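Any value given below was found using the heavy atoms of this structure, including those in side chains, with hydrogens, waters and symmetry copies removed. Each ligand, and each atom within it, is numbered from 1 in the order the structure gives. Quick caveat, the model's predicted, so the values are computed rather than measured.
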Amino acid sequence: MLPAHLKGRDFLRVNDWAPEELVLVLDHADRLKARQRERVPHLLLEGRTLGMIFQKPSTRTRVSFEVGIAQLGGTGLYLAAGDLQLGRGETIKDTAIVLSRYLDGIMIRTFEQADVDELAAHADVPVINGLTDEFHPCQALADVLTIRERLGGFEGSRVAYLGDGNNVCHSLMVACAKLGMDFVAATPSGYEPSKEVVGWARAAAEAEGTTVELTTDPREAATGADVLYTDVWTSMGQEEEREQRLADLAGYGIDEDLVSLASERAIVLHCLPAHYGEEITEDVLYGPRSAVWDQAENRLHAQKALMAFVIR
Ligand code: CP
Ligand code: NVA
């Protein structure tokens with residue numbers, strides 16, 4: 001039985017969901033992953049359509065949502081934001097109302113979180129955040145699914161995020177805190193995660209009896225960590241800052257030396273796409289500690305579970 005109380009719910013940020021709700025999604029993702037492996041049909045959303053609005057490029061998010069809804073018996077509709085009337089000034093409100101008459105769910109990848117919030121406020125169907133400048137909650141679901149799969153649970157685990165305190169860092173931080181893991185972010189000064197999000201994560205960590213720390217020292221963060229996590233230094237929309245970012249973030253990349261400081265069971269995660277020799281070396285990405293390819297696959301399973309729960 002799927003939890004009826006989640007039907008119709010938006011997934012806009014990790015912080016909006018309770019720890020036990022996140023665990024329900026992860027448990028269902030494990031089940032759906034096993035069924036998919038065995039090619040056991042699981043047509044939980046037969047006849048439903050997910051609209052997928054993209055205002056930024058994507059490989060994983062697009063393909064995992066489109067394949068995911070198809071495996072659930074539904075249809076995914078790719079909607080390039082620039083091809084919609086939205087790109088010619090139709091309001092988000094009107095777009096939300098009209099799309100709700102056709103679709104059973106909307107996934108959106110865009111710049112401003114406020115635009116996703118507005119879409120959700122006016123849509124009658126669940127809205128899923130497929131990445132904004134501030135958050136990447138679907139990525140965080142796959143991240144914690146992978147951590148649980150590889151480490152066998154969350155308790156007693158310490159996650160170290162290294163690099164830019166960005167959208168991926170924000171969602172991961174809150175997810176780790178809610179699920180009872182210690183979290184540390186090592187960023188250069190000026191690249192710290194937002195104070196507001198750190199506040200949410202610390203509130204969740206307090207309830208779980210864990211910690212959320214910030215440091216500027218990547219070696220200190222990596223020492224004894226069970227998960228080393230990084231993301232690109234130049235996010236989509238920041239291309240003009242690339243040279244400055246390369247200079248400022250140098251020294252925060254994950255290489256073999258940093259991995260040697262982590263715990264014996266440590267895994268390395270990266271949401272991808274990767275830039276070899278910047279935030280991660282090719283050796284580490286393809287090395288024995290890397291769980292990056294499972295993590296990318298888990299986008300599919302986690303989002304299928306999420307869609308099965310929220311789409312009516
Ligand atoms: N990790 C991730 O969201 O990848 P895409 O940008 O390829 O969707
Ligand atoms: N922080 C990156 C994540 C890409 C999946 C970006 O926003 O471009």
For the residue pair [X] and [Y], confirm or rule out a side-chain donor-acceptor distance under 3.5 Å.
X      : Y      : result
Gln113 : Asn129 : yes
Asp115 : Thr110 : no
Arg265 : Ser157 : yes
Ser263 : Asp226 : yes

Nearest neighbour in protein (non-hydrogen) for [atom]:
atom                   : value
atom 3 (O) of ligand 1 : His136 NE2, 2.8 Å
atom 4 (O) of ligand 1 : Arg60 NE, 2.8 Å
atom 7 (O) of ligand 1 : Thr59 N, 2.7 Å
atom 2 (C) of ligand 1 : Arg299 NH1, 3.3 Å
atom 8 (O) of ligand 2 : Met236 N, 2.7 Å
atom 6 (O) of ligand 1 : Arg109 NH1, 2.8 Å
atom 7 (O) of ligand 2 : Asn167 ND2, 2.8 Å

Mind checking whether [X] has an N or O less than 3.5 Å away from an N or O of ligand 1?
X      : result
Met236 : no
Pro57  : no
Arg62  : no

Heteroatom proximity flag, [X] to ligand 2, N/O under 3.5 Å:
X      : result
Arg109 : no
Val232 : no
Asp231 : yes
His136 : no

Between [Y] and [X], does any NZ, NE, NH1 or NH2 come within less than 4.0 Å of an OD or OE carboxylate oxygen?
X      : Y      : answer
Arg158 : Glu213 : yes
Asp117 : Arg13  : yes
Lys178 : Glu21  : no
Glu297 : Arg37  : yes
Asp124 : Arg101 : no

Should Phe154 and Arg148 be marked as a side-chain contact (heavy atoms from CB on, under 4.5 Å) after you check the CA-CA gap, both sets of side-chain angles, and the distance that decides it?
CA-CA 6 Å; Phe154 297 127; Arg148 193 173 74 165; 3.7 Å; yes
Could you tell me, atom by atom, which parts of ligand 1 come under 4.0 Å of a heavy atom of Leu272?
1 (N), 2 (C), 4 (O)
Under 4.0 Å, heavy-atom basis, I'd like to know which part of Leu131 is in contact with ligand 2: side chain, backbone, both or neither.
side chain
If the cut-off is 4.0 Å to any non-hydrogen atom of Leu272, which atoms of ligand 2 fall inside it?
5 (C)
Within the 4.0 Å heavy-atom cut-off, what Gln139 brings close to ligand 1 is side chain
Quick check on side chain to side chain donor-acceptor pair (under 3.5 Å): which of His136, Gln295, His270 does Asp143 satisfy it with?
Gln295
